[in-house]
Undergrad: 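Just passing along the structure, written as structure tokens.
Naming: A, B, ... by sequence-line order, numbering from 1 per chain.
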Amino acid sequence: AQKVTQAQTEISVVEKEDVTLDCVYETRDTTYYLFWYKQPPSGELVFLIRRNSFDEQNEISGRYSWNFQKSTSSFNFTITASQVVDSAVYFCALSALSSGSARQLTFGSGTQLTVLP
Amino acid sequence: DAGITQSPRYKITETGRQVTLMCHQTWSHSYMFWYRQDLGHGLRLIYYSAAADITDKGEVPDGYVVSRSKTENFPLTLESATRSQTSVYFCASKNRTSVRYEQYFGPGTRLTVT
């Protein structure tokens with residue numbers, strides 16, 4: 001069975017601060033993908049990134065960066081110079097070969113990020 | 001280019017009533033999913049479908065029924081709504097079974113059972 005843990009329920013930062021959202025996962029599969037989704041106050045779920053289990057290179061996209069470490073089973077998300085518009089719930093998710101025939105996602109419980117002006 | 005839509009967006013119903021949540025996607029994606037979102041639980045899979053007339057249970061299927069007679073539609077029915085089914089429901093789809101493909105989500109339906 002798969003499991004994704006986001007231990008930080010809520011985080012509050014002041015604008016321009018850097019913030020890291022933690023994600024720890026469990027799977028017995030060697031082939032899997034990790035995802036991050038953003039859910040802004042409007043409620044929709046927005047795909048941010050996916051990372052496969054064979055690629056441990058960190059990824060940067062503008063102010064967003066992701067650190068994938070298989071040794072610690074973590075896939076952390078850092079927002080640099082946070083902005084008020086980054087306020088949202090962020091979900092980490094996992095898809096593995098043993099996730100089921102549809103390779104469905106297993107989600108963490110989410111981290112509510114509030115960026116204060 | 002509507003993508004994936006859900007209706008209604010908001011619904012209030014009474015305990016014991018039957019209610020159907022609709023999901024429609026325009027991409028002809030093979031796979032469709034229903035999740036519920038509850039505080040502290042993230043999103044949990046209710047049912048999924050690999051193709052028309054092929055459905056399977058997810059993590060929390062009790063009290064729900066699905067059908068998929070057409071590729072583009074995947075309705076979710078609560079046969080006899082209970083207060084514990086008050087939640088936000090998301091429909092999602094993806095094109096292939098591979099683990100690398102992300103799911104695309106609808107806007108959600110907020111259901112309140114009184």
Undergrad: Among B/Val88, B/Leu45, B/Leu43, B/Leu39, which residue forms the greatest number of heavy-atom pairs with chain A at distances under 4.5 Å?
TA: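 Most heavy-atom pairs under 4.5 Å with chain A: B/Leu43.
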Undergrad: Check the surroundings of atom OH in A/Tyr64: do more than 12 heavy atoms from other residues, nucleotides or ligands lie under 6.0 Å from it?
TA: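 Buried by this count: over 12 neighbours within 6.0 Å.
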Undergrad: Could you have a look at A/Glu44, A/Arg51, A/Gln39, A/Gln112 and say which one has the most heavy-atom pairs with chain B under 4.5 angstrom?
TA: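 Highest number of heavy-atom pairs under 4.5 Å: A/Gln39.
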Undergrad: Once you round to the nearest 0.5 Å, how far does OG of A/Ser109 lie from CG of B/Asp38?
TA: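 Output value for this atom pair is 12.0 Å.
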Undergrad: Quick check for you: to the nearest 0.5 Å, what is the distance between A/Tyr33 atom OH and B/Glu102 atom CD?
TA: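 The OH atom of A/Tyr33 sits 10.0 Å away from the CD atom of B/Glu102.
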Undergrad: Evaluate B/Phe105 against A/Phe47 for ring-ring contact (aromatic ring centres under 6.0 Å, His included), listing each step before the verdict.
TA: CA-CA 9 Å; B/Phe105 286 82; A/Phe47 164 74; over 10 Å; no
Undergrad: Looking only at side-chain N and O atoms, does B/Gln103 offer a donor or acceptor that is under 3.5 Å from a partner on A/Gln104?
TA: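 B/Gln103 and A/Gln104 do not have a side-chain donor-acceptor pair below 3.5 Å.
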Undergrad: Following the transitive rule for hydrophobic clusters with a side-chain heavy-atom cut-off under 4.5 Å over Ile, Leu, Val, Met, Phe, Trp and Tyr, establish whether B/Phe74 and B/Phe90 coincide in one cluster.
TA: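 Cluster IDs for B/Phe74 and B/Phe90 differ.
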Undergrad: Should B/Met22 and B/Tyr31 be regarded as members of a common hydrophobic cluster, given that ILVMFWY residues are connected when their side-chain heavy atoms come within less than 4.5 Å of each other, either directly or indirectly?
TA: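 No, because B/Met22 and B/Tyr31 fall into different hydrophobic clusters, even though each may have its own neighbours under 4.5 Å.
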Undergrad: So does A/Leu116 have more than 12 non-hydrogen atoms from other groups sitting under 6.0 Å from CG?
TA: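 Counting neighbours around CG of A/Leu116, more than 12 heavy atoms of other residues, nucleotides or ligands fall under 6.0 Å, so yes.
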Undergrad: Could you tell me which residues in residues 77-85 of chain A have at least one non-hydrogen atom under 4.5 Å from a non-hydrogen atom of chain B, sorted by residue number?
TA: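 Not one residue of residues 77-85 of chain A has a heavy atom under 4.5 Å from chain B.
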Undergrad: Determine whether more than 12 heavy atoms belonging to other residues, nucleotides or ligands lie under 6.0 Å from atom OH of B/Tyr10.
TA: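 It does not: B/Tyr10 OH has 12 such atoms or fewer within range.
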Undergrad: To the closest 0.5 Å, what do you measure between OH (B/Tyr48) and CG (A/Leu105)?
TA: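 Rounded to the nearest 0.5 Å, the OH-CG separation comes to 12.5 Å.
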Undergrad: Check whether the ring centres of B/Tyr35 and A/Phe107 lie less than 6.0 Å apart, and answer yes or no.
TA: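 Yes, the ring of B/Tyr35 comes within the 6.0 Å limit of the ring of A/Phe107, centre to centre.
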Undergrad: If you draw a 6.0 Å radius around CZ in A/Arg63, do more than 12 non-hydrogen atoms from other residues or ligands fall strictly inside?
TA: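 Enclosed.
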Undergrad: Is it true that B/Val66 and B/Val19 fall in one hydrophobic cluster, defined by side-chain heavy atoms closer than 4.5 Å?
TA: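 Yes: a chain of side-chain contacts under 4.5 Å links B/Val66 to B/Val19.
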Undergrad: Heavy-atom count check: over 12 atoms from other residues, nucleotides or ligands less than 6.0 Å from A/Lys70 NZ?
TA: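 Yes, the 6.0 Å shell around NZ holds more than 12 heavy atoms from other groups.
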Undergrad: For B/Arg110, look at atom CZ and say whether over 12 heavy atoms of other residues, nucleotides or ligands are found less than 6.0 Å away.
TA: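 No, the 6.0 Å shell around CZ holds no more than 12 heavy atoms from other groups.
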Undergrad: Same hydrophobic cluster for A/Leu21 and A/Leu34, using side-chain heavy-atom links shorter than 4.5 Å among ILVMFWY?
TA: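 Yes, A/Leu21 and A/Leu34 fall within the same hydrophobic cluster.
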Undergrad: Side chain, backbone, both or neither: which part of B/Glu59 has a heavy atom under 4.5 Å from chain A?
TA: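 No part of it gets close to chain A.
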